[in-house]
Amino acid sequence: METTHPTLEELEQFIRGSLDDEAAAPIERHLEKDLCSRCLFATRKLMAEAEPDLRDNIRRFTRWDELPAAERRDGLGAAMRQAMRRGVVIRAERALGPELLAELERRSPTARRAVIRTAERYQLFGFVEFLCHASREAVFRDVARALELAGLAVEVADSLDPRIYVAKFTTDMQALAHAYLGNARRVASDLFGAEGAFQQALLLREQGTQGSPVYAEIGSLLGSLRIDQGRYLEARTILQEALALYRSFGFEREQGKILVKLADVEGYSGSPEKAVEILEEAVEQLQTAGAGRLLAYAHRNLTDWMVDADQALEALARYRKARELYDEHFQEPALGMRRRWLEGRIYAALGDLDLAVGAFEEVRGAAAERELSYEAAMVSLELAIVHLDRGEVAQVQDLVEEMTPIFRSHELHRHALAAVYLFRHAARSQTLTTGFAREILRYLRRARNNPYERFEPSARWS
Amino acid sequence: MRPRPSKRSEPGELQRLVLSVRHAINDLFAGYAIPEEKASTILRESVELLVRHCGQTDRPRQFFLQMLEDRCIAYVEAQEAAEEERDDGDDAPDA
């Protein structure tokens with residue numbers, strides 16, 4: 001069927017807010033659902049031209065001493081319609097994201113950046129939003145891709161046309177894109193690079209719409225960096241500020257997300273009981289918000305911290321309750337492996353050591369197969385603790401001898417490697433205790449993305 | 001579980017929302033002594049923020065008023081900072 005395009009005149013009436021909602025609906029559909037890029041770009045051109053109208057309409061509304069109420073109301077009505085239509089354009093820009101990204105990815109990485117700087121087609125506010133979102137989605141599956149997407153977002157945000165978008169919103173997008181670049185660098189364990197990107201994001205944030213959702217989102221991302229850097233006091237302050245903002249906005253999903261991070265702050269600072277309390281609140285919040293995958297994460301972390309807080313029975317009950325959610329959201333092999341790991345931790349805490357060994361061995365095999373050396377090292381420590389609990393010193397010896405591939409891999413940063421060496425040394429010299437193994441395990445968990453954090457054994461072991 | 005607000009508000013719905021708080025808007029601008037030109041900018045930014053984020057909040061009215069008030073406060077603070085800077089400049093000894 002042939003597509004019918006609106007006329008230029010209709011598009012102009014649409015963006016100037018002079019069409020009523022009924023007449024505007026087919027154009028909205030055409031832009032947002034049919035993804036007609038020809039009409040979208042024509043509308044964007046008109047958007048810049050209609051800008052003075054929007055300002056006049058708003059001004060009419062604010063002249064309460066001079067204009068009659070009806071005229072002021074009309075001014076606001078027209079301004080609102082214009083703002084809504086601009087919102088449609090930005091959503092359409094965002095919806096065009098996959099197509100634009102596919103086009104860019106057909107070019108070399110350097111050429112992608114050059115074309116963004118020169119071709120208006122890519123200089124879209126909604127495209128920055130799309131790239132930031134895509135980077136966030138990719139970050140734990142494919143960090144290299146997340147880095148590339150955030151890099152492109154920075155490039156696009158820097159090239160936005162100030163005649164089309166509100167200047168402060170453009171600055172917001174620049175700040176957000178830098179924050180996502182920092183986030184991807186954090187997950188890639190480049191904490192210095194992440195810090196640099198966040199410093200840039202914070203500078204830009206100060207010039208943007210302060211106290212807005214973007215302001216809070218940058219705080220949320222920065223909080224994750226501070227956690228990985230082990231700067232828990234700062235992380236707590238930053239995350240609490242973001243939480244207060246989200247509470248005041250009434251954004252339930254985001255509140256839940258921040259609570260999940262705050263729980264990590266408490267857990268890594270040595271208060272797993274507090275982490276459990278916070279996660280219970282997060283679960284409630286996320287249930288209300290209907291946030292499926294995030295809710296599954298919150299349940300998983302809650303179960304995990306319950307084990308650390310010596311609440312093994314509660315952890316088991318929680319795990320059983322959340323099973324369905326796990327099945328629904330953790331289908332990727334890596335996440336399935338983590339689920340089995342969690343089962344092992346629960347069994348170990350309950351004293352069901354055979355089941356724990358079975359689960360941990362399975363995870364160890366899967367980690368080795370997927371060449372996930374960091375995970376392999378951690379689960380080897382879990383296994384060692386169980387064997388030590390059963391007095392199986394020989395099994396611990398065998399275990400450390402099987403760890404050779406871990407030492408040869410480049411996946412462990414040097415401080416993590418040093419900690420695992422200490423573990424091996426203690427096991428070989430038969431001086432390894434469960435307490436020491438647990439301490440190394442806690443360190444590895446904390447320092448996953450932080451190659452600069454040293455393992456400092458407590459005075460008891462040194 | 002309480003019902004979630006629709007992901008996207010109807011255009012008329014948001015328009016009614018802003019109109020319903022017009023007195024609060026007037027009070028805010030008057031309370032913070034925001035000049036007319038600046039008031040337009042603040043209102044314009046707040047309206048666009050409302051349009052962009054109305055799907056995320058279960059309290060759009062409060063969200064909108066908060067966006068307005070935050071921008072008013074930021075304006076007043078910027079004015080005060082500029083004034084202080086001017087005063088400091090006046091007090092500085094001549095070179």
Side-chain angles (χ1 to χ4, degrees), chain A residues 17 20-22 24-25 28 32 51 54-66 69 72-73 75-88 90-91 125 129 165-169 172 209-215 245-254 287-290, chain B residues 1-5 7-19 21-23 25-27 29-30 34-75 77-78:
Chain A
D20 63 25
D21 295 345
E22 204 181 321
E28 277 192 31
E32 258 194 278
E51 179 63 32
L54 176 55
R55 277 202 300 270
D56 284 349
N57 284 327
I58 290 270
R59 209 171 289 134
R60 263 165 73 197
F61 177 68
T62 53
R63 289 167 64 191
W64 37 81
D65 293 333
E66 302 156 43
R72 289 184 50 215
R73 209 168 32 240
L76 178 68
M80 284 304 296
R81 280 195 300 277
Q82 276 181 283
M84 295 295 291
R85 310 298 181 242
R86 291 172 70 89
V88 170
I90 288 175
R91 284 200 299 274
F125 191 97
E129 288 186 335
Y165 310 105
V166 178
K168 277 195 174 176
F169 295 160
D172 276 353
T209 55
Q210 291 180 42
S212 67
V214 166
Y215 188 94
L245 277 174
Y246 282 137
R247 276 204 173 124
S248 65
F249 301 155
F251 287 11
E252 283 168 341
R253 189 181 184 283
E254 283 72 15
Q287 257 162 357
T288 316
Chain B
M1 200 183 282
R2 77 186 129 95
R4 302 284 305 150
K7 202 70 191 156
R8 276 186 46 197
S9 303
E10 292 300 317
E13 201 179 307
L14 287 186
Q15 192 174 326
R16 275 193 295 280
L17 182 152
V18 176
L19 276 175
V21 294
R22 62 189 182 280
H23 297 298
I25 299 174
N26 287 356
D27 289 349
F29 287 154
I34 308 291
E36 192 188 298
E37 189 62 26
K38 191 64 201 174
S40 309
T41 310
I42 289 175
L43 186 59
R44 191 261 163 91
E45 278 180 20
S46 306
V47 160
E48 286 215 28
L49 283 167
L50 173 68
V51 168
R52 269 171 54 201
H53 297 286
C54 59
Q56 285 170 279
T57 177
D58 55 353
R59 300 193 295 269
R61 190 181 309 257
Q62 188 186 321
F63 174 78
F64 175 63
L65 288 174
Q66 190 181 331
M67 288 300 105
L68 268 178
E69 184 157 18
D70 279 353
R71 258 128 283 282
C72 290
I73 294 171
Y75 169 75
E77 284 176 353

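Proteins get letters first, then strands, A, B, ... in listed order; numbering begins at 1 in each.
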ask   = Of all of B/R44, B/E37, B/E36, which one pairs up most often with chain A through heavy atoms under 4.5 Å apart?
value =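 Looking at each option in turn, the highest pair count goes to B/R44.
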task = Determine yes or no for a side-chain-to-main-chain donor-acceptor pair under 3.5 angstrom, with B/R59 supplying the side chain and A/F251 the backbone.
result =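 A pair under 3.5 Å: no.
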task = Could you give me the CA-CA distance, side-chain angles and deciding distance for B/V18 and A/M80, then say whether side chain to side chain contact (heavy atoms under 4.5 Å, CB included) is met?
result = CA-CA 9 Å; B/V18 176; A/M80 284 304 296; 3.7 Å; yes
Side chain to side chain donor-acceptor pair (under 3.5 Å) partners for B/E45, two or more places apart =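 Partners of B/E45 by the side chain to side chain donor-acceptor pair (under 3.5 Å) criterion come out as none, since no residue qualifies.
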Nearest 0.5 Å please: distance from the [atom1] atom of [X] over to the [atom2] atom of [Y].
{"X": "A/S212", "Y": "B/Q66", "atom1": "OG", "atom2": "CD", "answer": "10.5 Å"}
{"X": "B/L50", "Y": "A/M84", "atom1": "CG", "atom2": "CE", "answer": "8.0 Å"}
{"X": "A/F61", "Y": "B/N26", "atom1": "CZ", "atom2": "CG", "answer": "6.0 Å"}
{"X": "B/R52", "Y": "A/I90", "atom1": "CZ", "atom2": "CD1", "answer": "6.0 Å"}

[Y] and [X], any side-chain heavy atoms less than 4.5 Å apart:
{"X": "A/K168", "Y": "B/T41", "result": "no"}
{"X": "B/D70", "Y": "A/Q210", "result": "no"}
{"X": "B/E48", "Y": "A/T209", "result": "no"}

ask   = Between B/F63 and A/F249, what is the ring plane arrangement, given parallel below 30°, perpendicular above 60°, and tilted in between?
value =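 Because their plane-to-plane angle is over 60°, the rings of B/F63 and A/F249 count as perpendicular.
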key: Heavy-atom contact with chain B under 4.5 Å, split by part of A/Q82   =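 Nothing of A/Q82, per the 4.5 Å heavy-atom cut-off to chain B.
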Region of A/R86 that comes under 4.5 Å of a non-hydrogen atom in chain B =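 The side chain, not the backbone.
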ask   = Looking only at heavy atoms, what is the nearest atom pair of B/M67 and A/P213, with distance?
value =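 Smallest interatomic distance, heavy atoms only, reads SD-CD, 4.3 Å.
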request  = Considering only heavy atoms and a distance below 4.5 Å, find which of A/A24, A/A83, A/S248 pairs most often with chain B.
outcome  =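 Sorted descending by pairs with chain B, the first entry is A/S248.
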